[in-house]
Amino acid sequence: MKKFLSNPTVAMILAVLVVIGTMLISTKVDFGKKCAQTSGKFYARADAESPIADRLRDFCTAAEKMVLLGQRYGIDDTDDAYEKAEKVLSQLRQQSTEAEELFEDYSELLSDTFALESSLVRRELSEEDKAAYSSAQHDAAEAKAAIDASSYNTEVRSFLSQYRHFPTTVLAALTGVRMPQLFA
């Protein structure tokens, strides 16, 4: 065994394997942690900015209030908006959905909510329902504005521009590290 290990070719192969192994472990642990921290800002932030996930919950709550008003006034297709809001809320609870997929579902909900708003505006609402609609519409607009103004995408873009290069991308793929995704 000693003769085998003292062979220069074997020693070189072992050294290369140790270097590759160290790179893979470092990628999995250190780089994986950086990716998770950046992605995690979608759900929780250490700074004063509210995370996108919180604003999405606010938007869904406002959309569901509009759905109830729409159902009260016989507006069609309220079920689609309600189901999409519930789907987004479920995805947020699980925290397992990728940001890009969540954005697609949010975009569909946004479209349905705007259609529902335009239908509600054309109805003659009671004073109480006008106030409820106004409150829900304000909450939805405020949540959307906060989502649009979020620095999350800027931070992810910065991260990706710094690390989306060879060999980092290859090593990340080999070790199963998930790069942060844009909410876009």
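In what follows, residues are counted from 1 in the order of the sequence shown.
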With V16 as partner, the option from V19, I20, L14, V18 fulfilling side-chain contact (heavy atoms from CB on, under 4.5 Å) is I20

Contacts satisfying salt bridge (charged side-chain N to carboxylate O under 4.0 Å, His left out) that involve residues 49-63 (not counting sequence neighbours) are R45-E49, D54-R57, R55-D58

Connected via hydrophobic side-chain network under 4.5 Å: L174 and F166 | yes

Output for pair (L24 CG, L17 CG), nearest 0.5 Å, gives 10.5 Å

| task | Compare all side-chain heavy atoms of D139 with those of S135 and state whether any distance is below 4.5 angstrom. | result | yes

Is the shortest side-chain heavy-atom distance between I52 and L102 below 4.5 Å? no

Residues pairing under ring-ring contact (aromatic ring centres under 6.0 Å, His included) where one sits in residues 47-75, two or more places apart or in two chains, turn out to be F59-Y106

If we ignore hydrogens and angles and just use 3.5 Å, is the side chain of N153 paired with the main-chain N or O of F183 as donor and acceptor? yes

Residues at least two apart in sequence or cross-chain that pass salt bridge (Lys or Arg N to Asp or Glu O under 4.0 Å) with R164, listed by chain then number, are none

- Message: With a 4.5 Å cut-off on side-chain heavy-atom distances among I, L, V, M, F, W and Y, is there a chain of contacts connecting V121 to L125?
- Response: yes

With sequence neighbours left out, the residues meeting ring-ring contact (aromatic ring centres under 6.0 Å, His included) with F114 are none

Here the pair of heavy atoms bringing T78 nearest to I75 is CG2-O, 3.3 Å

Margin query: Keeping T175 on the side-chain end and L171 on the backbone end, is there a donor-acceptor pair under 3.5 Å?
Written below: yes

Correct closest heavy-atom pair for S39 and P180 would be OG-CA, 3.2 Å

Do L110 and L116 land in one hydrophobic cluster if side-chain heavy atoms of ILVMFWY residues count as linked below 4.5 Å?
no

Test your reading of the model: is there a side-chain donor-acceptor pair from S126 to the backbone of D129, 3.5 Å cut-off?
yes

Which of D112, D79, D77 passes salt bridge (charged side-chain N to carboxylate O under 4.0 Å, His left out) with K84? Answer is D112

The reported gap from CZ in F31 to OG1 in T169 (rounded to nearest 0.5 angstrom) is 8.5 Å

Between V177 and G32 the two heavy atoms that sit nearest each other are CG1-CA, 3.7 Å

query: Heavy-atom distance under 4.5 Å between the side chains of E108 and K87, does that happen here?
result: no

Contacts of K34 meeting salt bridge (Lys or Arg N to Asp or Glu O under 4.0 Å) (sequence neighbours excluded), chain-then-number -> none

In this structure, CD1 of I147 is separated from OG of S150 (nearest 0.5 Å) by 8.5 Å

Across all chains, not counting sequence neighbours, the ring-ring contact (aromatic ring centres under 6.0 Å, His included) partners of Y152 are F42

Nearest heavy-atom contact between E100 and A184 is CG-O, 4.4 Å

Here the gap from K130 atom NZ to L120 atom CG, rounded to the nearest 0.5 Å, amounts to 12.5 Å

Residues at least two apart in sequence or cross-chain that pass side chain to side chain contact (heavy atoms under 4.5 Å, CB included) with Q94, listed by chain then number, are S90, S96

Heavy-atom nearest pair, A140 first then M66, reads CB-CE, 3.8 Å

Residues at least two apart in sequence or cross-chain that pass salt bridge (Lys or Arg N to Asp or Glu O under 4.0 Å) with D76, listed by chain then number, are none

d(T61 OG1, L56 CG) to nearest 0.5 Å is 10.5 Å

Heavy-atom side-chain contact between Y163 and T38 under 4.5 Å: no

Y82 meets the side chain to side chain contact (heavy atoms under 4.5 Å, CB included) criterion, sequence neighbours left out, with E64, V67, E86

query = Is a donor on one side and an acceptor on the other found under 3.5 Å between the side chain of S118 and the backbone of A115?
reply = yes

same_hphob_cluster(L182, L92) at 4.5 Å side-chain heavy-atom cutoff: yes

S134 meets the side chain to side chain contact (heavy atoms under 4.5 Å, CB included) criterion, sequence neighbours left out, with none

Sequence neighbours excluded, the answer for salt bridge (Lys or Arg N to Asp or Glu O under 4.0 Å) partners of R178 is E98

*asked:* Do L69 and K65 have side chains that approach each other closer than 4.5 Å (heavy atoms only, starting at C-beta)?
replied: no

On a heavy-atom basis, the closest approach of A63 and L109 is CB-CD1, 4.1 Å

The complete set of salt bridge (charged side-chain N to carboxylate O under 4.0 Å, His left out) pairs with one or both residues in residues 7-29, sequence neighbours excluded, reads none

Flag, side chain of S111 to backbone of S107, donor-acceptor distance under 3.5 Å = no

